[in-house]
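Throughout, a chain's letter reflects where its sequence line sits, starting with A, and its residues are numbered from 1.
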Amino acid sequence: MSDIQVVLAHADARAEQTVTTGTKAWELFKDSPDVIAARVVGASVADGALKDLAYELVDGDVIEPVTIESTDGRDILRHSTAHVMAQAVQELFPEAKLGIGPPIQDGFYYDFDVETPFVPEDLVRIETKMRKIIKENQRFERRPISDADAINELQDEPYKIELIGLKGGGHAGDGDAEQEIAEGASVEVGAGELTIYDNINRKGEVAWKDLCRGPHLPTTKRIPAFKLMRSAAAYWRGDEKNKQLQRIYGTAWETKEALDEHLHRIEEAERRDHRKLGRDLDLFSFPDEIGSGLPVFHPKGGVIKRAMEDYVRERHIAEGFDYVGTPHIAKEGLFHTSGHLPYYGEGMYPALDVDGMDYRLKAMNCPMHNLIYRSRQRSYRELPLRLFEFGHVYRHEKSGVIHGLTRVRGFAQDDSHSYVTPEQAPAEVEHLLNFMISLLRDFGIDDFYLELSTRDASKDKFIGSDEDWAAATKVLEDVAVATGLELVPDPGGAAYYGPKISVQARDAIGRTWQMGTVQYDFNQPSADRFNLEYVAADGTRQQPVMIHSAKFGSIERFMGVLVEHYAGAFPPWLAPVQVQGIPIAERHNDYLLELAQKMKAQGLRVEVDLSDDRMQKKIRNAQLQKVPFMVIAGDNDVEAGAVSFRYRDGRQDNGVPLDEAIARVAAAVESREQV
RNA sequence: GCCGCCUUAGCUCAGUCGGUAGAGCGAAUCACUCGUAAUGAUUAGGUCAUCGGUUCGAUUCCGAUAGGCGGCUCCA
């Protein structure tokens, strides 16, 4: 037995230590109960690799404790909890085959192939079984294994064997094996050597085992708090051609309190849900009689929608766009020319037979705009030519994806198409992207990132040559990178006609939605499609590039995200009712009605509560409606020629002279500030 | 589209082990005229989503359809 040198890194401090060979990581941390794993940043292993606490130190290791409440620590906790869940499931349902079980944002899941899908009562039983396993304090024990031995040992787990095969890249012609593995599967097999984790019970027997890269908690008892959330089906390896497995979602936290806080955050988020607020605030609804995914806007929602549209229209015109208008349906041939029917056909509503001719509802506005472009000969002097409208499109979305305003079947795009020379394209992309981002900021949306959707060469849903795609992608990527915003790649996510940059915004519960897009299209203008041309300076006919861009993406979706962003408490310029007049007694009604008239004359949206409720109740109602300004008038105010302000946060400002009250509201609306 | 769950008054939800239903909020009416988040009383609201089956009888059990919710796949 000899000595080895390791460095114990802790926060900023680094301490060199001499230990004997065979020393385990946990022995360095035995005084820190929160430590559940080790991060090794030494020369001998990959940078930042996470190890079990039972990891045997080697000479030169730089080792750092990983605590349970850190990001890595929580992932390890959740991954281990997923294992416990899988063990419980297999004990209760011995025929269940294991899929994958990775940690995810705020929790984990595990997929199982079972005959009958899980029902809520099953989750209760599984939870109970999990508590029992946790109590038993089973030890997670790592065991390296060769591919051949693993395949032999896991004969009863076909999905695990499939993963081992993928890892080995054994499928000729499958392309990059790593890419083929579904998201999350790397947690099971990773790269390099395979390992199995055995769960050892008190008697020293293997109670359960799973193919897994780890690391894991030392024992099951180190799981402080968990909860199973829901079950759902999920396609094996994320491909709808594969079998559906039954997925159980759960969450796990370092303390009971952290779990409770998490559950509380979910409840809070549900209160912001635009579907609920849309009903509570009387903004919009989805009448069954109209059809799934087809919203109607009530007067108050209509105000918000119009405020959004007015502002966006104004900004587009200021940015050099020409406002145009196009119909909702067209003869089918148009969408053959554009490529929509062959490449996007399943997203379109079936044809309407009109006098023996097939018409289609449009799913995109570009073909119509192309016809406007083509309506006469264009000169290079006209370019960039920017056509813009609120184009209503209809998409036959699969029934299971409809979701409030954020995923509908009929919606308005604030859609534009810029026709430019190839040389002008980069500057126009930049112009559009910056314009889009500035609009988002004007609406107070700041939690978003960019996504670059590209073609997937292995799929045939794309038109055009590789070279053109590469060039177009480069233009978009350069501009996107220049914004300095987070940019996430999305291979295979492009439209059939060209790559796209999109803005991804989050909703109340963290789901992301695609908002605005900028798409570079060299296909639709081509000779075999719309054959768009312009006359260049030298008199030759050239083909323009068209750049599609929807700034909000869809008015409907954007409103849904806005509602959640503000939790219904809109800034005054967007608020359906900007001012709620509250008379203290009936004799103050006329005083406030007169003020309301003056405010309305200035274009403000004001209502006076003439009900015979008590003023406390009127305040409560206005508060629940999240009206930004309440102006209250009683005897004192009438006498002073003033009103009393109350804001949404309960702040009040009494004795404000009438003219100042009007000016104050008008200024807040004008500046588009939040109050 | 796929898997699971759900659908009772305008909203949120009870309830009926098969004998046609209740509450709170909201609405209407009356009284009260009130100073910063709920005044009191009275009344009216339901073919228990729709259609079919089983049954003496279905809101309840079964099936189909529609719509919703949570995921998966897809997407603005």
Check: With sugar-phosphate meaning primed atoms plus P, OP1 and OP2, does Asp280(A) contact a base, only sugar-phosphate, or nothing at under 4.0 Å between heavy atoms?
Finding: nothing
Notebook entry, point to check: Looking only at atom C1', what distance separates C74(B) and C3(B), rounded to whole Å?
Noted result: 16 Å
Item checked: Between Tyr497(A) and His548(A), ring centroids under 6.0 Å -> yes
Margin query: Does Arg407(A) reach a base, just sugar-phosphate, or nothing at all? Heavy atoms under 4.0 Å.
Written below: base
Check: Paired with A23(B) by Watson-Crick or G-U wobble geometry, both distances under 3.5 Å: which nucleotide is it?
Finding: U12(B)
Next item on the list: Specify the separation, in whole Å, of atom NZ of Lys617(A) and atom C1' of U36(B).
Entry: 15 Å
Next item on the list: Would you kindly say whether Asn370(A) and Gln524(A) are connected by a side-chain donor-acceptor distance under 3.5 Å?
Entry: yes
Notebook entry, point to check: Looking for any heavy atom pair under 4.0 Å, which part of the strands does Ser644(A) touch: base, sugar-phosphate only, or nothing?
Noted result: base
Notebook entry, point to check: For Phe118(A) and G4(B), do the ring centres fall under 5.5 Å apart while the planes stay under 30° apart?
Noted result: no
Check: Rounding to the closest angstrom, what is the interatomic distance between U36(B) and A31(B) at atom P?
Finding: 26 Å
Checklist line | Of the listed nucleotides C75(B), C32(B), C72(B), the one nearest the side chain of Asp612(A) | finding: C32(B)
Check: Applying a 3.5 Å limit to both distances, which nucleotide forms a Watson-Crick or G-U wobble pair with G4(B)?
Finding: C69(B)
Note to self: Within the 4.0 Å heavy-atom criterion, would you say Ala234(A) contacts the bases, only the backbone, or no part of the nucleic acid?
What the structure shows: sugar-phosphate
Checklist line | Options G1(B), G70(B), C2(B), nucleotide nearest the side-chain atoms of Gln244(A) | finding: C2(B)
Check: So what's G18(B) paired with, Watson-Crick or G-U wobble, going by both distances under 3.5 Å?
Finding: none
Note to self: Tell me which nucleotide, if any, is Watson-Crick or G-U wobble paired with U47(B) when both distances must be under 3.5 Å.
What the structure shows: none
Check: If you check every side-chain atom of Val401(A), which of U33(B), G70(B), C72(B) has the closest atom?
Finding: C72(B)
Next item on the list: Could you tell me whether G57(B) is syn or anti, where syn means a glycosidic angle within 90 degrees of zero?
Entry: anti
Check: Does U33(B) have a Watson-Crick or wobble mate here (both distances under 3.5 Å), and if so which one?
Finding: none
Next item on the list: Write down the distance separating the P atoms in U29(B) and C69(B), rounded off to the nearest Å.
Entry: 35 Å
Next item on the list: Describe the nucleic acid contact of Glu397(A) in one word from base, sugar-phosphate, nothing, applying a heavy-atom distance below 4.0 Å.
Entry: base
Margin query: Please report the distance separating the P of C48(B) from the corresponding atom of U20(B), rounded so that it comes out in whole Å.
Written below: 13 Å
Notebook entry, point to check: Would you call the rings of Phe321(A) and His316(A) parallel, tilted or perpendicular if under 30° counts as parallel and over 60° as perpendicular?
Noted result: perpendicular
Next item on the list: With a 3.5 angstrom cut-off on both distances, give the Watson-Crick or G-U wobble partner of A38(B), or none if there isn't one.
Entry: none
Notebook entry, point to check: With no angle test and no hydrogens, is the base of C75(B) tied to the side chain of Arg557(A) by a donor-acceptor pair under 3.5 Å?
Noted result: yes
Note to self: Side chain of Ile584(A) only, heavy atoms from C-beta on: which candidate in U33(B), C34(B), C5(B) is closest?
What the structure shows: C34(B)
Notebook entry, point to check: Taking the side chain of Ile619(A) as heavy atoms from C-beta outward, which of C3(B), A37(B), U33(B) is closest to it?
Noted result: A37(B)
Notebook entry, point to check: Touch check for His403(A), heavy atoms < 4.0 angstrom, all strands: base, sugar-phosphate only, or nothing?
Noted result: sugar-phosphate
Next item on the list: Select base, sugar-phosphate, or nothing to describe what Arg247(A) touches, counting heavy atoms under 4.0 Å on all strands.
Entry: sugar-phosphate
Checklist line | Between U33(B) (P) and Met615(A) (CE): distance, integer Å | finding: 16 Å
Checklist line | Base-pairing mate for U60(B) - Watson-Crick or G-U, with both contacts under 3.5 Å | finding: none
Next item on the list: May I ask you to say what Arg275(A) touches in the nucleic acid, namely base, sugar-phosphate or nothing, with a heavy-atom cut-off under 4.0 Å?
Entry: sugar-phosphate
Check: Any Lys/Arg nitrogen of Glu270(A) or Lys276(A) sitting under 4.0 Å from an Asp/Glu carboxylate oxygen of the other?
Finding: no
Next item on the list: Name the nucleic acid region contacted by Asp637(A), choosing base, sugar-phosphate or nothing; use a 4.0 angstrom heavy-atom cut-off, strictly under.
Entry: base
Notebook entry, point to check: What integer number of Å spans the P atoms of C61(B) and A14(B)?
Noted result: 15 Å
Notebook entry, point to check: Where the side chain of Gln623(A) is defined as all heavy atoms beyond and including C-beta, which of C34(B), C3(B), A37(B) is the nearest nucleotide?
Noted result: A37(B)
Next item on the list: Please confirm whether Lys305(A) makes a cation-pi placement over Phe297(A), using NZ or CZ under 6.0 Å from the six-membered ring centre and within 45° of the ring normal.
Entry: yes
Item checked: Salt bridge present between Lys500(A) and Asp490(A) (N-O < 4.0 angstrom) -> no
Next item on the list: For nucleotides G57(B) and G68(B), find the distance between their C1' atoms and express it as a whole number of Å.
Entry: 31 Å
Check: Among A76(B), C34(B), G70(B), which is the nearest nucleotide to the side chain of Arg587(A)?
Finding: C34(B)
Check: Does any donor atom in the side chain of Tyr249(A) or Arg247(A) lie under 3.5 Å from an acceptor atom in the other side chain?
Finding: yes
Checklist line | Side chain Gln504(A) and base A76(B) donor-acceptor under 3.5 Å | finding: no
